[in-house]
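Here the structure comes first, spelled out in structure tokens, and everything after it is commentary.
Letters go in sequence order (proteins before strands), and every chain restarts at 1. In this text, all values refer to a predicted model and were calculated from it rather than measured experimentally.
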Number of protein chains: 2
Amino acid sequence: MYKENNKTITAQALRRMPYYIQQLRILQSEKIETVSAPKIAERLNLNEVQVRKDFAAVSSTKGKPKAGFSISELLANMEELLGYHNSDEAIIVGAGSLAQAIISYEGFQNYGIKIVTAFDVNPQCIGTEINGIKVLTADKISDLCRRMKIHIGIITAPAHQAQVVCDQLVAGGVLAIWNFAPVHLSVPEHILVQNENLAASLAVLSKQLKQAMKKLN
Amino acid sequence: MYKENNKTITAQALRRMPYYIQQLRILQSEKIETVSAPKIAERLNLNEVQVRKDFAAVSSTKGKPKAGFSISELLANMEELLGYHNSDEAIIVGAGSLAQAIISYEGFQNYGIKIVTAFDVNPQCIGTEINGIKVLTADKISDLCRRMKIHIGIITAPAHQAQVVCDQLVAGGVLAIWNFAPVHLSVPEHILVQNENLAASLAVLSKQLKQAMKKLN
DNA sequence: TTTTTATCAGTATTATTATATCGATATTGT
DNA sequence: ACAATATCGATATAATAATACTGATAAAAA
């Protein structure tokens, strides 16, 4: 749970923000200026009250009965909240196809994160470029992080290398780690780890599907 | 929330299963036969009670005071739960680097999902292979899904194509969609959509980091 | 054999998140 | 100007998830 000008935004609400932004942008491109919570709720298949609360939690101004909220203000508030305008540099470790996908991910920089270098252990990759980002040898991780004061590390290395890489990042002074390896990472207390575990999502999907199929029979 | 032999597994517990499996496998490889909830909790930085409840929810046998749970049984139960042994076929739409990463993802089939074909609109990709999986032209999506009775579709296409692709999948009889495009998909009631939104995770990470940095100053 | 101890199962409590309800109010149409 | 209506904010309730507590018990130690 996070606070922004004495308002509280829940973790779940934060995860919904990108979807709101997407919808608001669409409306904005249609020259619409205000929108109500129920309208957005309908478009995103969410509960009306939930959307209104989320809007209230980020919006710097109040919504008006009947009219709703100002789209441009909501967008500005959400972008501010998500750190669109203050970019922080990041590095990525493991220069495989996942790294490539992440590097070329549209709207990455919008979230205040800019990938400056990639690392890999494979000598074949080293020296090459991915979307304009150089791939360096993995021994230099801590060194470069320290010199460039990098705060964010992204791990797309294979599971068996993830902990080693993680330790190097921490040694280099990295504060937040975005981990795509399907393993738990041990880190000191103060380090943030955000796990992006395909396996976990797959587990949920697979289970849900099993349920759904059972119903069909 | 899901039921398995009159036990209830929460969605959150399900997401933790892959982590448990990972740890249990490590212990098993060290020839250890039983493990207690607090031990696993410590390794994964989780609450002891949470782990015990999760174990109780999947385990076919009870844990023993002082000794804990049988590792091999827990593993068998978790694998069964996640559908390790009954594979369902899936297709992936959008044959870019993300698709490649997913296709080559280790242990994919473990979750009961096997990718049989990829699709793309780009004529350059069509006919090529990614890790042994053929890339076909996107017009054939519904047709192939229907003919092969595919139940799972994975969308790695760009945001602006996602809804079109989604509609084609639904038209082809797909029941569950794993969506990597950072947009909301409109689907009929009965279709399952699992969103894997990098933007949403990034939003959380970025916000957390901002908080953490504030503390440091 | 008795005591100690780690762990369990079950129940209670708390925290978080989602949804429902209701009176107040700005806008629209009569 | 007035009534109808969509939407708001606020408060209340419900659902879900996490954590704390307690007495019972199997295994290890004395």
Has the side chain of A:Asn131 got a donor or acceptor atom that lies under 3.5 Å from a matching backbone atom of A:Ile103?
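No, because the side chain of A:Asn131 does not come within donor-acceptor range (under 3.5 Å) of the backbone of A:Ile103.
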Counting only N and O atoms by type, is there a donor-acceptor contact under 3.5 Å from the side chain of B:Thr34 to the main-chain atoms of B:Ser70?
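No, the answer is negative, given that no donor and acceptor are paired below the 3.5 Å cut-off.
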Distance check, rounded to the nearest 0.5 Å: [X] atom [atom1] versus [Y] atom [atom2]?
X	Y	atom1	atom2	result
B:Leu144	B:Thr117	CG	OG1	5.0 Å
B:Asn197	B:His184	CG	NE2	12.0 Å
B:Ile9	B:Leu82	CD1	CG	9.0 Å

Strictly below 4.0 Å: does A:Lys39 bring a side-chain N or O up to OP1 or OP2 of D:dT7?
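Looking at the OP1 and OP2 atoms of D:dT7, one of them is under 4.0 Å from a side-chain N or O of A:Lys39.
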Strictly below 4.0 Å: does A:Ser36 bring a side-chain N or O up to OP1 or OP2 of D:dA6?
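Answer no for this pair, as no side-chain N or O of A:Ser36 is under 4.0 Å from OP1 or OP2.
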May I have the distance from [X] (atom [atom1]) to [N] (atom [atom2]), rounded to whole angstrom?
X	N	atom1	atom2	answer
B:Asn47	C:dT16	CG	C1'	15 Å
A:Gln50	C:dT19	CD	C1'	9 Å
B:Leu46	D:dA18	CG	P	9 Å
B:Arg52	C:dT11	CZ	C1'	13 Å
B:Lys66	C:dA9	NZ	C1'	18 Å
B:Phe55	C:dG10	CZ	P	17 Å
A:Gln12	D:dA18	CD	C1'	13 Å
B:Ile40	C:dC8	CD1	P	10 Å

So [X], base contact, sugar-phosphate only, or nothing? Heavy-atom distance under 4.0 Å.
X	value
B:Ala37	sugar-phosphate
A:Lys53	base
A:Arg16	sugar-phosphate

Looking at C:dA9, D:dG9, D:dA6, which one has an atom nearest to any side-chain atom of A:Phe69?
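Side chain of A:Phe69 sits closest to D:dG9.
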Would you indicate which nucleotide in D:dA20, C:dA9, D:dG9 comes nearest to any side-chain atom of B:Val49?
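Selected nucleotide: D:dA20.
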Between B:Lys64 and A:Gly68, which has a closest nucleotide on DNA chain D that is more 5'?
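Of the two residues, A:Gly68 wins.
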